[in-house]
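Below is one structure, written out as structure tokens; the observations come after it.
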There are 2 protein chains.
Amino acid sequence: MSEQTSSFETHISYAVAAAHRSVNQRMTAQLKKHGIQIEAWRVMECLDAGERLTMGALASKALINPPTLSKLVDRMVSDGLVHRQISQSDQREINLLLTHLGRIRMLDIRKDVEEQDGALNGLLETEDGALLLKLLSKITV
Amino acid sequence: MSEQTSSFETHISYAVAAAHRSVNQRMTAQLKKHGIQIEAWRVMECLDAGERLTMGALASKALINPPTLSKLVDRMVSDGLVHRQISQSDQREINLLLTHLGRIRMLDIRKDVEEQDGALNGLLETEDGALLLKLLSKITV
DNA sequence: TGAATTTAGTTGACTTGGAAAGCAAATTCA
DNA sequence: TGAATTTGCTTTCCAAGTCAACTAAATTCA
């Protein structure tokens, strides 16, 4: 099987964790001036992109566990960024919506995130950004 | 600049977060039967690989913030996996060492991790594993 | 030398995250 | 129909993480 004992830094899991940590640190620093965390940004982008998302759908798109999302949304509601609306087709479901303020803030934050993502892409050769996305998607179940 | 508004899922930061979440979930499930968390495994591998690591060096290699590492090490010490040794060259530094039990446990866990990493590599074409590592290292500061 | 600064690591107060239990609406099927 | 099950989300309780402050050793330099 494996020809030699490779150092553990060459494990895919390690490389992904290292990249994630690095990217998250840049991102957190960038979002700090907006007083918001990465997860909240993802929630806002998801809400802007998809329409009438339920908590469950949102949790999976925004990469957040349901209980954690529930609490994050509590905070975002009290910050006036989003509001909950009970679905009329199924009373158990919640449709989450961006408030006007939420949308404004999101557009503002997006500029910085785009810039940051551009810088990240700048670290790669031209087509490598797309290639990286493709490879990452393959290991993402 | 950007020709069109791309969906936020194509951001490198999102793809990395998604991959990380997915890999971590597999890994956590795998390590559950050993009653250990991913970070503790990384600590053990770091200690096995490098010699006489200080807390600071370890924190950076194992991708853990110093205060978090300090507490994790407390737990690992009381589980008998590692022990602290004050460096004689600098009394402020701690050299962390695997205990005998720690080494045994590590070797045992390593088998499962290798297997899991193999499965991950199996999701990619032959040379893509190495390619992914290379691309990830470029965005890791 | 010795006061001031820097560096290594830990601690403490506080926040956040997660697993499992809980609640209520919807669905199944006897 | 109505009891049993499933589904969607939240709450609770506890474990873990973070920021900032702290201790102590080493280093700087006046």
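Convention: sequence-line order gives letters A, B, ...; per-chain numbering from 1.
Take A:S89 and apply the side chain to side chain donor-acceptor pair (under 3.5 Å) test, not counting sequence neighbours, and it matches A:S87. Under the rule for a side chain to side chain donor-acceptor pair (under 3.5 Å), A:Q91 has no partner lying at least two apart in sequence or in another chain. Evaluation of the side chain to side chain contact (heavy atoms under 4.5 Å, CB included) rule for B:E125 yields A:K138, B:D128 as partners, not counting sequence neighbours. Listed by chain and number, the residues in a side chain to side chain contact (heavy atoms under 4.5 Å, CB included) with B:V16 are A:A19, A:H20, A:L136, B:I12, B:I139 (sequence neighbours excluded). Residues that satisfy the side chain to side chain contact (heavy atoms under 4.5 Å, CB included) test with A:D74, not counting sequence neighbours, are A:R84. Remark: A:K33 engages A:Q30, A:D112 in a side chain to side chain contact (heavy atoms under 4.5 Å, CB included) (not counting sequence neighbours).
As a whole-Å value, the separation of A:Q85 CD from D:dC9 P is 14 Å. Between B:K32 atom NZ and C:dA20 atom C1' there is a gap of 11 Å when expressed in whole angstrom units. Per the geometry, CG belonging to A:L58 stands 10 Å off P belonging to D:dC9, to the nearest Å. As a whole-Å value, the separation of B:N95 CG from C:dA8 P is 13 Å. A:I36 has its CD1 atom 13 Å from the P atom of C:dT16, to the nearest Å. Across the protein-nucleic acid pair, B:I38 atom CD1 and C:dG17 atom P stand 17 Å apart, rounded to whole Å.
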Report, one pair per line, the protein and nucleotides 23-26 of chain D atoms (nitrogen or oxygen only) whose separation is under 3.5 Å.
unit_1: D:dA25; atom_1: N3; unit_2: B:R92; atom_2: NH1; d: 3.3
unit_1: D:dA26; atom_1: OP1; unit_2: B:Q91; atom_2: N; d: 2.9

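The nearest pair of heavy atoms linking B:A17 to A:R42 is CB-NH1, 3.7 Å.
Contacts between residues 40-48 of chain B and DNA chain C, defined by a heavy-atom separation below 4.0 Å, involve no residue at all.
Here the rule is salt bridge (charged side-chain N to carboxylate O under 4.0 Å, His left out) with A:D108, and of A:R110, A:R105, A:K111 only A:K111 fits it.
Nucleotide D:dA30 has C:dT1 as its partner under the Watson-Crick or G-U criteria, with both atom distances under 3.5 Å.
Among residues at least two apart or in separate chains, there is no ring-ring contact (aromatic ring centres under 6.0 Å, His included) pair with a member in residues 78-118 of chain A. Sorted by first and then second residue, the pairs that involve residues 26-65 of chain B and meet ring-ring contact (aromatic ring centres under 6.0 Å, His included), not counting sequence neighbours, are A:F8-B:W41, A:H11-B:W41.
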For residues 51-65 of chain B, which side-chain donor-acceptor pairs fall under 3.5 Å, sequence neighbours excluded?
unit_1: B:R52; atom_1: NH1; unit_2: B:Q85; atom_2: OE1; d: 3.1
unit_1: B:R52; atom_1: NH1; unit_2: B:N95; atom_2: OD1; d: 3.3
unit_1: B:R52; atom_1: NH2; unit_2: B:Q85; atom_2: OE1; d: 3.1
unit_1: B:T54; atom_1: OG1; unit_2: B:A57; atom_2: N; d: 3.2
unit_1: B:K61; atom_1: NZ; unit_2: A:E9; atom_2: OE2; d: 3.4
unit_1: B:N65; atom_1: OD1; unit_2: A:R21; atom_2: NH1; d: 3.4
unit_1: B:N65; atom_1: OD1; unit_2: A:R21; atom_2: NH2; d: 2.9

Fill in the blank from the handout: Scoring nucleotides 10-18 of chain D by protein non-hydrogen atoms under 4.0 Å (B base, S sugar-phosphate only, - none) yields BBB---SSB
